[in-house]
Novice: 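This is the structure I have questions about; it appears just below.
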Amino acid sequence: MAAGAAQGLGEGGGGRGFLGPRVPAEVEAMARGVQDVGKETFRRLLKVTVNALEGKDCRESVRLIAESANLSEEQLAFLISGMYTLLREALRLPLSTFKQEVFKEDLKELRIPDDFIVDFSSVVFGNRRPPSEGTALVQRSRLPSIQDFRWRVDVAISTSSLARALQPSILMMMKLSDGTAHRFEVPVAKFQELRYNVALILKEMNDLEKRSILKIQD
């Protein structure tokens, strides 16, 4: 049982840990606006949001909801944007540490109606989770990754200002996943600074993993 991790998610940030220490503005706006929405309209909005997470075109569905539910474009934008953010953040968390009870308590603190909490839970913890989860993670913004990295040490025999330099430097070349390649030269002093900072980050990560709140307890 992942007691430590579950407590960290549920109790951090005033019981809304899965949304971070500060609840996104669009989620707060959705939580206020959804209280005036009927159950049928909410479920249609929820279906549209799940379809959006799966990468489907939802413009026609949104238009039909706007016509039948008498909601303005601004109201729809607040509701769908908030529901999208809430589900996206919840679907990023593994079920091994993120418990349904914690999720429901977090939504209760946002004052979302109980019937709607049940519907949200059915998406996050129900049969539709795997495809929604995969799409939400794939579509998030990310930087290109390194596919190939090469380096060599070079020594400048002379420069335009000095007849004899003999200063070593490190030539690096990176190929990224977006197809671009970058070649640059790093002085030894800067390389030592880089090496130190990487070692410092690894140490801080190791210290963070040792904290009891992040340990998985049996």
Side-chain angles (χ1 to χ4, degrees), residues 8-95 97-145 177-179:
L9 289 169
E11 295 176 5
R16 290 175 289 199
F18 86 93
L19 288 169
R22 184 173 181 178
V23 178
E26 62 268 28
V27 175
E28 289 186 332
M30 179 275 297
R32 292 192 299 267
V34 81
Q35 298 178 24
D36 299 325
V37 174
K39 181 183 292 187
E40 181 182 351
T41 300
F42 171 81
R43 289 183 171 173
R44 293 174 67 188
L45 289 170
L46 185 62
K47 183 178 180 179
V48 165
T49 305
V50 172
N51 288 339
L53 283 167
E54 294 173 351
K56 298 177 182 178
D57 188 346
C58 306
R59 287 174 291 184
E60 181 63 20
S61 299
V62 172
R63 185 185 65 81
L64 293 175
I65 294 174
E67 292 177 355
S68 61
N70 195 27
L71 293 171
S72 66
E73 291 184 3
E74 184 179 12
Q75 288 175 307
L76 281 174
F78 279 130
L79 292 170
I80 295 176
S81 176
M83 293 167 73
Y84 185 96
T85 299
L86 187 150
L87 289 175
R88 182 192 61 196
E89 295 304 314
L91 290 169
R92 285 178 175 175
L93 300 173
L95 291 176
T97 56
F98 189 42
K99 304 304 180 184
Q100 188 169 0
E101 295 77 12
V102 173
F103 178 71
K104 289 182 176 180
E105 286 300 320
D106 291 349
L107 298 195
K108 284 182 179 179
E109 289 200 7
L110 290 169
R111 297 184 180 180
I112 293 176
D114 290 341
D115 289 345
F116 298 167
I117 292 177
V118 172
D119 291 335
F120 274 126
S121 297
S122 69
V123 174
V124 177
F125 300 94
N127 294 330
R128 297 201 68 175
R129 178 182 173 90
S132 299
E133 177 187 27
T135 306
L137 292 175
V138 169
Q139 289 184 342
R140 66 184 177 183
S141 300
R142 61 176 62 188
L143 296 174
S145 59
S177 58
D178 61 1

Novice: Counting C-beta onward and ignoring hydrogens, is there a side-chain heavy-atom pair between Lys108 and Asp114 closer than 4.5 Å?
Specialist: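 Lys108 reaches Asp114 side chain to side chain.
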
Novice: How long is the span from the CG atom in Leu45 to the SG atom in Cys58, to the nearest 0.5 Å?
Specialist: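 That separation rounds to 11.0 Å.
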
Novice: With a cut-off of 6.0 Å (strictly less than), are more than 12 heavy atoms of other residues, nucleotides or ligands near CD of Glu60?
Specialist: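 Buried by this count: over 12 neighbours within 6.0 Å.
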
Novice: Got Phe120 and Lys104 here, is their nearest side-chain heavy-atom distance under 4.5 Å?
Specialist: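 Not touching, per the 4.5 Å side-chain cut-off.
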
Novice: Can you find a heavy atom in the side chain of Val124 that is under 4.5 Å from one in the side chain of Leu93?
Specialist: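 They are not in contact (no side-chain heavy atoms under 4.5 Å apart), so the answer is no.
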
Novice: Taking the side chain as every heavy atom from C-beta outward, state whether Leu86 and Ile112 have any pair of such atoms under 4.5 Å apart.
Specialist: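 A side-chain contact exists here, since the closest heavy-atom pair is under 4.5 Å.
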
Novice: Which donor-acceptor pairs under 3.5 Å do side chains of residues 67-82 form with protein atoms, sequence neighbours excluded?
Specialist:
| unit_1 | atom_1 | unit_2 | atom_2 | d |
| --- | --- | --- | --- | --- |
| Glu67 | OE1 | Arg63 | NH1 | 3.4 |
| Glu67 | OE2 | Arg63 | NH1 | 2.5 |
| Ser68 | OG | Arg44 | NH1 | 2.8 |
| Ser68 | OG | Leu64 | O | 3.0 |
| Ser68 | OG | Ile65 | O | 3.4 |
| Ser72 | OG | Gln75 | N | 3.2 |
| Ser72 | OG | Gln75 | OE1 | 3.3 |
| Gln75 | OE1 | Ser72 | N | 2.9 |

Novice: Treating Glu109 as the side-chain partner and Glu105 as the backbone partner, does any N or O pair qualify as donor plus acceptor under 3.5 Å?
Specialist: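 Not at all, since once roles are kept as given, no pair shorter than 3.5 Å links the two residues.
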
Novice: Rounded to the nearest 0.5 Å, how far does CG of Leu107 lie from CZ of Phe116?
Specialist: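 Answer for the CZ-CG pair, Phe116 versus Leu107, is 12.5 Å.
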
Novice: Where is the tightest heavy-atom contact between Met30 and Met83, given as atom of each residue plus distance?
Specialist: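 Result for this residue pair: CG-CG, 3.7 Å.
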
Novice: Do Leu91 and Phe98 have side chains that get closer than 4.5 Å, going by heavy atoms?
Specialist: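 No - every pair of side-chain heavy atoms lies 4.5 Å or more apart.
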
Novice: Any non-hydrogen side-chain atom of Phe42 less than 4.5 Å from a side-chain atom of Val34?
Specialist: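 Side chain of Phe42 against side chain of Val34, heavy atoms only: contact under 4.5 Å found.
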
Novice: Which of these passes side chain to side chain contact (heavy atoms under 4.5 Å, CB included) with Leu46: Asn51, Thr41, Asp119?
Specialist: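 Among Asn51, Thr41, Asp119, the one that satisfies the side chain to side chain contact (heavy atoms under 4.5 Å, CB included) with Leu46 is Asp119.
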
Novice: Indicate yes or no for a side-chain donor-acceptor contact from Glu26 to the backbone of Tyr84 under 3.5 Å, with no hydrogens or angles considered.
Specialist: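 Pair absent, no side-chain N/O of Glu26 close to backbone of Tyr84.
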
Novice: Who are the side-chain contact (heavy atoms from CB on, under 4.5 Å) partners of Glu101, not counting sequence neighbours?
Specialist: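 Per chain and number, Glu101 pairs via side-chain contact (heavy atoms from CB on, under 4.5 Å) with Lys99.
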
Novice: Roughly how far, to the nearest 0.5 Å, is the CG atom of Leu110 from the CD atom of Gln35?
Specialist: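 Reported value, rounded in 0.5 Å steps: 10.0 Å.
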
Novice: State whether the side chain of Ser145 and the backbone N or O of Ser177 hold a donor-acceptor pair below 3.5 Å, judged by distance alone.
Specialist: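 Not at all, since once roles are kept as given, no pair shorter than 3.5 Å links the two residues.
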
Novice: Should the ring pair Phe125 and Phe103 be called parallel, tilted or perpendicular, given that the plane angle runs from 0 to 90° and is split at 30 and 60?
Specialist: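 The rings of Phe125 and Phe103 stand perpendicular, inter-plane angle above 60°.
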
